[in-house]
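One structure, pasted below without further comment.
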Amino acid sequence: MSQFLALLLMLATLGFFGWIGWQAGRERQIDRDYYLSARGTQSWQVIGLSLFASGMGIWILFAPSEVGYYAGFYDIFAYALSAATPFLLLAYLGPIVRERLPDGITLGDYVRTRLGREMQGYVGCIAVLYMFTFLFAEFTAIGKAMHVLADVEPIIPIVAVAAVTAAYTAYGGLPASLGTDRIQAWFIIWLLLVVTLLMLGEGPRNLWDRAVAFNPEDDWSIGSFTFTSTETLKSGLALLIAITAAELFSQGNWQRTWASRDDDALRRGAFLAAALCFVAVLVMGFLGTVVAGDGAVEDPPAAFFYLLAGYPVLLLAFFVVLGVALVCSSVDTLQNAIVASISQDLSDQRLTLAQARQVSLLLIFPAIWLALEMQAASVFAIFLFADLLATATVLPVLLSLWERIVPQAALAGAIVGLLSVVAYGAVTADLETGVGYLTSPTNEWGLANLGVFLSALIGSGVVTVGGSLALGSDD
């Protein structure tokens, strides 16, 4: 399709969401608490659609199909399950945290009540780093998508999306994000319907035959949806651990915990989001195996877009609008959540509302720069780095629900979780490999490395529990 049409559709879509966000932000007087939490105002339907839209960024067009292109059934199923598991955990953990801390905003707020200011600061740093990585990965993905669909230079959609989302989130805070999420969620549901119709149009039998065929040309690609092996099972389990841990550090999910009208609204909304996310990732992962069955492609992270080749301009136009909706749905959530973590966890609530808004605007500049620098990188690989940081910290945080956990042991456990990764690499290979795992936790096939993620999880858990029992016995 032409660049002019693509840019026109992009700007129109951004303008629409900017207007929705502005309207949501001016519905009522916004104080600092409402700006960051929208406390107790949202029904289960809104919470479910918002969690779904926030979790399903434009990465859904890249990462699952890339995993499907390279891997088999275990990885695809685990990826889909890992998209749903955080919301299932939120349905259980959210009401507990709400009961113990009714006036919270972030997970770090709860951590402070149990593990102290130092651990809150550490958790805040990990959360901000994870969410910031997610943010520039989303910018990277919209740049790739617009370049593939209409040969648009990546800097144009990246800057446009960043500017518009930063503007309406800086103005309206979490209420603006919740307002746009409701519309964006329906865009994503339309994606599933359109993709389903495309699949049926190809002929179910033909599509299945392509999905189960092994890639005939790429030695690094398994390519078959039905292929199972010990190695793909390991990488699938690694994905389940990594993404579940990481999503628990997405402060956008925790903001919506307190935005829920009550515990029932939170539970029902989380279950709705879990079901929708599972289906979306499973479908997109399956399509990656269809691409692989047709043969090698030049850019595997964009595997899904190869299926669109030859389709009419009207369909491509739909995916431009969809891509913008997808990236806005996650980016505005991340911008709000990062501001919440900085103002609550890192600054110890010393930032005013005006200063929080300024932070949300300043964040976009380094994110844009990194997105442009990372255009050649795999979106999936970028996420794995952020996932590892969260995996090393998640058990010390969740174990704080047990009253015997002490702050010093939890903080030591989180740090040892990362050191355990280095130790695992040094034992299985050498020290250089261990250090390299911190930024690239993958195996020789480029899939998630189970040993790396298990070492982070087990190391952090053992030190947290063992240290708490030892220190507690001294009291």
Given side chains that start at C-beta, do those of Leu61 and Ser65 come closer than 4.5 Å, heavy atoms only? no
If we ignore angles and hydrogens, is there a donor and acceptor under 3.5 Å between the side chains of Thr442 and Asn449? no
Test your reading of the model: is there a side-chain donor-acceptor pair from Glu217 to the backbone of Ala296, 3.5 Å cut-off? yes
What's the verdict on side chain to side chain contact (heavy atoms under 4.5 Å, CB included) for Gln349 and Gln344, showing C-alpha distance, side-chain angles and the deciding distance? CA-CA 5 Å; Gln349 303 185 36; Gln344 292 291 112; 3.6 Å; yes
For residues Ala280 and Met56, report the shortest heavy-atom separation together with the two atoms involved. CB-SD, 4.0 Å
Please name the pair of heavy atoms, one in Gly21 and one in Tyr168, separated by the smallest distance, quoted to 0.1 Å. CA-CD1, 4.0 Å
For the rings on Phe73 and Phe225, is their centre-to-centre separation under 6.0 Å? yes
State whether the side chain of Asn215 and the backbone N or O of Gly293 hold a donor-acceptor pair below 3.5 Å, judged by distance alone. no
Given the rule in the side chain to side chain donor-acceptor pair (under 3.5 Å) test, do Glu138 and Ser330 qualify, once you have shown the distances and angles that lead to the verdict? CA-CA 8 Å; Glu138 283 290 291; Ser330 59; 2.5 Å; yes
Between OG1 on residue Thr133 and CG on residue Asp387, distance to nearest 0.5 Å: 9.5 Å
Establish, yes or no, whether a centroid distance under 6.0 Å links the rings of Phe214 and Phe227. yes
Centroid-centroid distance, Phe134 to Phe139, less than 6.0 Å: no
Decide yes or no for Ile222 and Thr232: does some side-chain heavy atom of the first lie under 4.5 Å from some side-chain heavy atom of the second? yes
Side chain to side chain contact (heavy atoms under 4.5 Å, CB included) for Leu370 and Phe132? Distances and angles first, verdict last. CA-CA 10 Å; Leu370 283 169; Phe132 184 75; 3.4 Å; yes
Does any part of the side chain of Val67, heavy atoms only, come nearer than 4.5 Å to the side chain of Phe62, both counted from C-beta? no
Is the closest side-chain heavy-atom distance between Leu287 and Met284 below 4.5 Å? yes
I'd like to check Thr180 versus Thr165 (side-chain heavy atoms, cut-off strictly below 4.5 Å). Are they in contact? no
Within the 3.5 Å criterion, strictly below it, is a donor on Arg267 or Ser260 matched to an acceptor on the partner's side chain? no
Approximate separation, where rounding is to 0.5 Å, of Phe136 CZ and Ile364 CD1: 15.5 Å
Will you find, in the side chains of Thr169 and Gln335, an N or O donor that is under 3.5 Å from an N or O acceptor? yes
Could you tell me whether the side chain of Ser177 and the main chain of Leu174 form a donor-acceptor pair under 3.5 Å? no
In short, Ser43 meets Ala265 closest at the heavy-atom pair C-CB, 4.2 Å
Report the distance from atom CG of Leu322 to atom CD1 of Ile188, rounding to the nearest 0.5 Å. 7.5 Å
Donor-acceptor pair between Tyr69 and Asp218 side chains, under 3.5 angstrom: yes
Which heavy atom of Leu388 sits nearest a heavy atom of Pro441, and at what distance? CD2-CB, 4.1 Å
If you draw a 6.0 Å radius around CG in Leu314, do more than 12 non-hydrogen atoms from other residues or ligands fall strictly inside? no
Report yes if the distance between the aromatic ring centroids of Tyr35 and Tyr171 is under 6.0 Å, otherwise no. no
Take atom CD of Glu432 as the centre, draw a 6.0 Å sphere, and report whether it contains more than 12 heavy atoms from other residues, nucleotides or ligands. no
Exam field: side chain Asp75 to backbone Ala71, donor-acceptor pair closer than 3.5 Å: no
Keeping the roles fixed (side chain from Asp109, backbone from Thr106), state whether a donor-acceptor pair exists under 3.5 Å. yes
Sub-4.5 Å side-chain heavy-atom contact between Gln184 and Ser54: no
Is there a donor-acceptor pair under 3.5 Å between the side chain of Gln3 and the backbone N or O of Asp151? yes
Determine whether Met146 and Pro154 make a side-chain contact, defined as any pair of heavy atoms from C-beta on separated by less than 4.5 Å. no
If every non-hydrogen atom of Ile158 is compared with every non-hydrogen atom of Ala371, which pair is closest and at what distance? CD1-CB, 4.0 Å
Between Ser347 and Ile342 (side chain of the first, backbone of the second, donor and acceptor by atom type, cut-off under 3.5 Å), is there such a pair? yes
How long is the straight-line distance from CD of Gln358 back to CG of Leu363, given to the nearest 0.5 Å? 12.0 Å
Any donor-acceptor N/O pair, Thr257 side chain to Asn253 backbone, under 3.5 Å: yes
For Val327 and Trp59, run side chain to side chain contact (heavy atoms under 4.5 Å, CB included): C-alpha distance rounded to whole Å, both residues' side-chain angles, the deciding distance at 0.1 Å, then the answer. CA-CA 8 Å; Val327 74; Trp59 65 268; over 6 Å; no
Rounded to the nearest 0.5 Å, how far apart are OG of Ser235 and OH of Tyr70? 13.5 Å
Is the CD1 atom of Ile155 crowded by more than 12 outside heavy atoms at less than 6.0 Å? no
Does a donor on one side chain and an acceptor on the other come within less than 3.5 Å for Arg256 and Ser50? yes
Tell me whether the centres of the aromatic rings in Phe87 and Phe52 are closer together than 6.0 Å. no
Heavy-atom side-chain contact between Val397 and Phe249 under 4.5 Å: yes
Backbone N/O of Leu351 and side chain of Arg32: donor-acceptor pair under 3.5 Å: yes
Look up atom CG in Leu178 and atom CG in Leu51, then write down how far apart they are to the nearest 0.5 Å. 9.0 Å
Decide side chain to side chain donor-acceptor pair (under 3.5 Å) for Ser329 and Asp181; before the verdict, give the C-alpha distance in whole Å, the side-chain angles of both, and the deciding distance to 0.1 Å. CA-CA 6 Å; Ser329 68; Asp181 282 347; 5.6 Å; no
Shortest non-hydrogen contact from Leu36 toward Ala340: CD2-CA, 4.0 Å
Side-chain ion pair, Arg39 and Asp31, N-O less than 4.0 Å: no
Donor-acceptor contact present, side-chain Thr85 to main-chain Leu81, <3.5 Å: yes
Carefully, step by step, assess Tyr130 and Gln251 under the rule side chain to side chain donor-acceptor pair (under 3.5 Å). CA-CA 10 Å; Tyr130 163 68; Gln251 299 308 312; over 6 Å; no
Determine whether Val97 and Trp258 satisfy the following criterion, side chain to side chain contact (heavy atoms under 4.5 Å, CB included), listing intermediate values before the conclusion. CA-CA 9 Å; Val97 173; Trp258 281 285; 3.7 Å; yes
